[in-house]
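One structure is given here, and the rest of the page talks about it.
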Amino acid sequence: MTHEQLQAFLRVAQEGRLSTAARGLGLSQSGLSRQLQALEAELGTRLLVRTPVGTVLTDAGERFLPHARRAVDALVAGSAELGRLSGTPRGSVTLGTLHTVGAYLLPDILPAFAREYPEVRPRLSEGMAAVLEEGVAHGTLDLAILSLPVRRADLVSQKLWEEPLMLAVPRGHRLTKVGGPVALADVVEETWVVIPSMSGTRALEAACEARGVTPRVALETDNAEAMRRMVEQGLGVALVPELMARKHPSHRFDVVPLVRSGLKRQVALVHRGEGYLTAAARAMKSFIVETVRAMPEPWGTGKRGAASPTQRTR
């Protein structure tokens, strides 16, 4: 069996759907299926069964899962040890990231990283924070950029930046004529496009409860880009991080700041510890931290320098 086959099995076990796992691994669904079939053929048993609600582990798959995780961990640790001996970053690094970070920040970082480390092959996987966190914990992601808090105590997190949430509204919306910041409590009766797991959505629900109203939600989505496009098409308004609200040629929405809202998003770089990182993953981690620090506020200080202390989550 190969490392790729074990990674494919672990990713499907984590995601529960072949299509989602294939996207995360950068494979076609048929390519992923071939990896799984080859693994099952070698083991002589079925590990996964497709059902109408997704892909589930068989009894054999449940028994094999912890062994597959330990095998991948051992391969990663061995690769990291050899990487320390060679000192030259090379090979693949799988980076998980929030949709907004992948769309609006990493295009400013990864091309420069590729020029500096031509022997490293980055693999990008986008998803929600909880899914990214589990991907790092299970070894299917080397690094992840996600929003705090991190819930698992066995992961190491390093805060990258903190940014306010802002109100995105369709072009020409009445709120753009206010001429200044608005209070969240004063706009709760707007029609909303939301991502259920976002901190902004929880704040909206709390503000609605305080006003005694029910949020008027036109659409729930798990994709920030889909949320942006729906706002642009006039479906509703949305709370978005400042990173997404920056002026961009593709944007066709207006931004209204929130007054004294205290709504912020904290973003961190997460991994399982230095012992699990290959030379390539360590190079990417350092490059991301240093590049973000060199950016203007709120993402960085505008200066390059030593990174802030790395902490293990509690």
Side-chain angles (χ1 to χ4, degrees), residues 15-17 19-20 23 52-54 97-105 126-133 145-149 151 161-267 298:
E15 302 287 359
R17 291 189 178 277
S19 56
T20 307
R23 283 196 301 272
V53 295
T97 181
L98 301 168
H99 294 288
T100 49
V101 176
Y104 298 108
L105 188 69
E126 296 186 346
M128 304 297 287
V131 174
L132 297 175
E133 185 176 331
I145 301 175
L146 49 79
S147 53
L148 294 174
R151 292 167 177 79
W161 74 85
E162 181 178 276
E163 59 184 321
L165 298 183
M166 311 181 87
L167 192 64
V169 302
R171 284 277 172 86
H173 192 277
R174 66 173 186 84
L175 291 175
T176 63
K177 302 172 185 176
V178 173
V182 299
L184 180 61
D186 294 336
V187 298
V188 292
E189 295 190 38
E190 292 289 329
T191 300
W192 293 87
V193 180
V194 302
I195 296 178
S197 61
M198 279 185 63
S199 58
T201 302
R202 293 191 291 271
L204 170 63
E205 292 169 346
C208 286
E209 185 176 353
R211 290 288 296 268
V213 300
T214 300
R216 187 184 305 146
V217 176
L219 177 73
E220 291 185 356
T221 178
D222 63 357
N223 187 293
E225 282 297 277
M227 181 173 68
R228 172 182 69 84
R229 291 193 293 270
M230 295 303 175
V231 171
E232 291 174 343
Q233 293 300 315
L235 186 61
V237 303
L239 289 169
V240 301
E242 185 175 351
L243 177 64
M244 189 175 174
R246 289 191 300 177
K247 287 187 177 180
H248 190 277
S250 67
H251 283 176
R252 295 187 301 277
F253 63 82
D254 291 329
V255 176
V256 179
L258 295 172
V259 59
R260 298 186 301 276
S261 70
L263 296 179
K264 295 182 181 294
R265 178 175 78 163
Q266 295 181 323
V267 180

Under a 4.5 Å cut-off applied to non-hydrogen side-chain atoms, are [X] and [Y] in contact?
X	Y	value
Glu242	Leu165	no
Asp186	Arg211	yes
Met230	Thr221	no
Gln233	Phe253	no
Leu219	Leu235	yes
Val188	Leu204	yes
Met244	Arg228	yes
Trp192	Thr201	no

Which distance, rounded to the nearest 0.5 Å, do you find between the [atom1] of [X] and the [atom2] of [Y]?
X	Y	atom1	atom2	answer
Glu162	Lys264	CD	NZ	5.0 Å
Cys208	Leu184	SG	CG	7.5 Å
Ile145	Leu98	CD1	CG	8.0 Å
Ile195	Thr100	CD1	OG1	8.0 Å
Glu126	Glu225	CD	CD	8.5 Å
Leu263	Glu163	CG	CD	12.0 Å

#### Entry: Evaluation steps, salt bridge (Lys or Arg N to Asp or Glu O under 4.0 Å), between Arg202 and Glu205
CA-CA 5 Å; Arg202 293 191 291 271; Glu205 292 169 346; over 6 Å; no
Can you give me the closest heavy-atom contact between [X] and [Y], atom names plus distance?
X	Y	result
His99	Gly127	NE2-CA, 4.0 Å
Pro257	Val255	CD-O, 4.0 Å
Leu243	Arg265	CD2-NH2, 3.9 Å
Gly102	Thr97	N-OG1, 3.6 Å
Ala245	Met166	CB-SD, 4.0 Å

### Task
For the pair Glu232 (side chain) and Arg252 (backbone), establish whether a donor and an acceptor sit closer than 3.5 Å, ignoring hydrogens and angles.
yes
### Query
Which is it for Leu146 and Glu133 under the side-chain contact (heavy atoms from CB on, under 4.5 Å) test, yes or no, and what are the steps along the way?
CA-CA 8 Å; Leu146 49 79; Glu133 185 176 331; 4.1 Å; yes
Check: residues 167-180 side-chain donor-acceptor pairs under 3.5 Å, at least two apart:
unit_1 : atom_1 : unit_2 : atom_2 : d
Arg171 : NE     : Asp254 : OD1    : 3.2
Arg171 : NH2    : His251 : O      : 3.3
His173 : ND1    : Leu175 : N      : 3.1
His173 : NE2    : Glu190 : OE1    : 3.2
Arg174 : NE     : Glu190 : OE2    : 3.3
Arg174 : NH2    : Glu190 : OE2    : 2.4
Thr176 : OG1    : His173 : O      : 2.5

### Task
Apply side-chain contact (heavy atoms from CB on, under 4.5 Å) to Val182 and Leu258, showing your working.
CA-CA 5 Å; Val182 299; Leu258 295 172; 4.0 Å; yes
